[in-house]
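Read through the structure below, which is laid out as structure tokens, and then see the notes.
Predicted, not measured: the structure shown is a model, and the values here were computed from it.
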Amino acid sequence: RRVLFRSQSDYPNFELLIVDQSDHGAVDHMLDPRIRFLGFSGAGKSNSLNHGRRYAHGEYLMLTDDDCAMARDCISTVASAFRSDPTLGIVFGNVVAAPDLKAHDYIPYCCALESKTIRNADEYLTIPVRHSAPWINHGMGANMAVRSAVLEKLHGWDYCIGPGSKFGSGDDHDLAFRVLHAGYGVHFCPQAQVVHHGVQTADRLRQYHRRIGRSEAAANAAMILSQA
């Protein structure tokens, strides 16, 4: 896969870790010392995230996907949210669908309407009764940041949940549930945006939603069992 990097971020103090699970390394050297390439032969997104976090040095770990373009002020906006509230464990920004969408295709997106912080796991991922109404209080791993100390305390991501695992998705929601259960806040920050270019064709959309449903059930079950 090809990773595109925009160096014009207005936040200068960062490092970019690229975890590549392909059979051959797509990048063998980097001209920018802030960029580090990590080859990884393991399977699953959660395993690759756990691999990457072992090499990260920052106070916050921000995630996006290789089919996303991050706004210039996205990192600085998220860092400001963390600094303003030391009890936050996760900050979710908005994921906006790219405008170049063809007919009958779909790009997953997730947009909060207002800045808010939740502190109870029961408040996360509220699905409305009306089909046309938007989901409330949920985020997307394509624009998600975690406080490194909190992630370390929770021992990272659950390798059973996420793309490439048994449940196929939901690594972002599972971690949010666990962060809330541990007593930290989850903040939604619509001012921090990435544009998502990952198209799902219409014939794969039902499979995509089914995979999300299984993973949400797994995340909820794991949290309930941990409280037993």
For His51, enumerate each residue passing the ring pair (Phe, Tyr, Trp, His ring centres under 6.0 Å) test, keeping only those at least two apart in sequence or located in another chain. Phe40, Tyr55
NE2-CG distance between His57 and Leu17, expressed to the nearest 0.5 angstrom: 8.5 Å
Val195 reachable from Ile107 in the ILVMFWY side-chain graph, under 4.5 Å edges: no
In the single-linkage hydrophobic clustering (I, L, V, M, F, W, Y; side-chain heavy atoms under 4.5 Å), do Val91 and Tyr11 co-cluster? yes
Do Tyr124 and Leu63 sit in one hydrophobic cluster, given that two such residues count as connected whenever their side-chain heavy atoms are within less than 4.5 Å of each other, even indirectly? yes
Within the 4.5 Å heavy-atom criterion, are Phe37 and Asp20 side-chain neighbours or not? yes
For residues 81-95, which residue pairs pass the side-chain hydrogen bond (donor to acceptor under 3.5 Å, both in side chains) check, not counting sequence neighbours? Asp85-Thr87, Asp85-Arg119, Thr87-Arg119
The ring pair (Phe, Tyr, Trp, His ring centres under 6.0 Å) partners of Phe188 (sequence neighbours excluded) come to Phe92
Would you say that more than 12 heavy atoms from the other residues, nucleotides or ligands in this model lie under 6.0 Å from the CD of Glu15, or not? yes
With the side chain counted from C-beta on, respond yes when Glu114 and Pro190 share a heavy-atom pair under 4.5 Å apart, and no when they do not. no
Counterpart residues, ring pair (Phe, Tyr, Trp, His ring centres under 6.0 Å), relative to Phe82 (two or more places apart): Tyr60
Do you know which two heavy atoms are closest between Val19 and Ser48, and how far apart they sit? CG1-CB, 3.7 Å
Kindly indicate whether the side chain of Ser9, heavy atoms from C-beta on, has any atom under 4.5 Å from the side chain of Met70. no
Please check if any side-chain donor atom of His196 sits under 3.5 Å from a side-chain acceptor atom of Asp65, or the reverse. no
Take Leu180 and Asn120, measure what side-chain contact (heavy atoms from CB on, under 4.5 Å) needs, and give me the verdict at the end. CA-CA 6 Å; Leu180 289 164; Asn120 192 313; over 6 Å; no
I'd like to know whether Ile18 forms a side-chain contact (heavy atoms from CB on, under 4.5 Å) with Arg36, so could you lay out the CA-CA distance, the side-chain angles of the two residues, the decisive distance to 0.1 Å, and finally the verdict. CA-CA 6 Å; Ile18 302 170; Arg36 302 171 64 195; over 6 Å; no
Distance-only, no hydrogens or angles: does the Asn50 side chain make a donor-acceptor pair with backbone N or O of Ser46 under 3.5 Å? yes
Would you say the side-chain atoms of Ser76 pair up with the backbone N or O of Asp73, donor to acceptor, closer than 3.5 Å? yes
same_hphob_cluster(Leu38, Ile35) at 4.5 Å side-chain heavy-atom cutoff: no
Compare all side-chain heavy atoms of Thr64 with those of Asn143 and state whether any distance is below 4.5 angstrom. no
What distance separates Asp122 CG from Asn137 CG, expressed to the nearest 0.5 Å? 11.5 Å
Please report the shortest heavy-atom distance between Ala98 and His197, naming the atom on each side. CB-ND1, 3.3 Å
Could you walk me through whether Lys45 and Asn47 satisfy the side-chain contact (heavy atoms from CB on, under 4.5 Å) test, starting with their C-alpha distance in whole Å, then the side-chain angles of each, then the deciding distance to 0.1 Å, before giving a yes or no? CA-CA 5 Å; Lys45 179 183 176 182; Asn47 281 328; over 6 Å; no
CG of Leu175 to CG of Leu151: how many Å apart, nearest 0.5 Å? 6.0 Å
So how far is it from Leu88 CG to Cys189 SG, rounded to the nearest 0.5 Å? 10.0 Å
NE2/His173 to CZ/Arg178 distance, rounded to the nearest 0.5 angstrom? 14.0 Å
Which heavy-atom pair separates Pro108 from Met140 by the least distance, and what is that distance? CB-CE, 3.7 Å
Distance-minimising heavy-atom pair for Gly89 and Val150: CA-CG2, 4.3 Å
Give the other cluster members for Tyr159, using side-chain heavy-atom distances under 4.5 Å between Ile, Leu, Val, Met, Phe, Trp and Tyr residues; answer none if it is isolated. none
Tell me every residue that passes side chain to side chain donor-acceptor pair (under 3.5 Å) with Glu59, counting only those two or more places apart in sequence or in another chain. none
Rounded to the nearest 0.5 angstrom, the CZ-CD1 distance for Phe177 and Ile161 is 10.0 Å
For Leu49, run the side chain to side chain contact (heavy atoms under 4.5 Å, CB included) check against Asp171, Val146, Leu61 and tell me which one passes. Asp171
Kindly work out whether a path of hydrophobic side-chain contacts (I/L/V/M/F/W/Y, heavy atoms less than 4.5 Å apart) joins Val96 to Val194. no
Cys74 vs Gln193, side-chain contact (heavy atoms from CB on, under 4.5 Å): CA-CA, chis, key distance, verdict: CA-CA 6 Å; Cys74 190; Gln193 293 197 357; 5.9 Å; no
Any donor-acceptor pair under 3.5 Å linking the side chain of Ser148 with the backbone of Gly58? yes
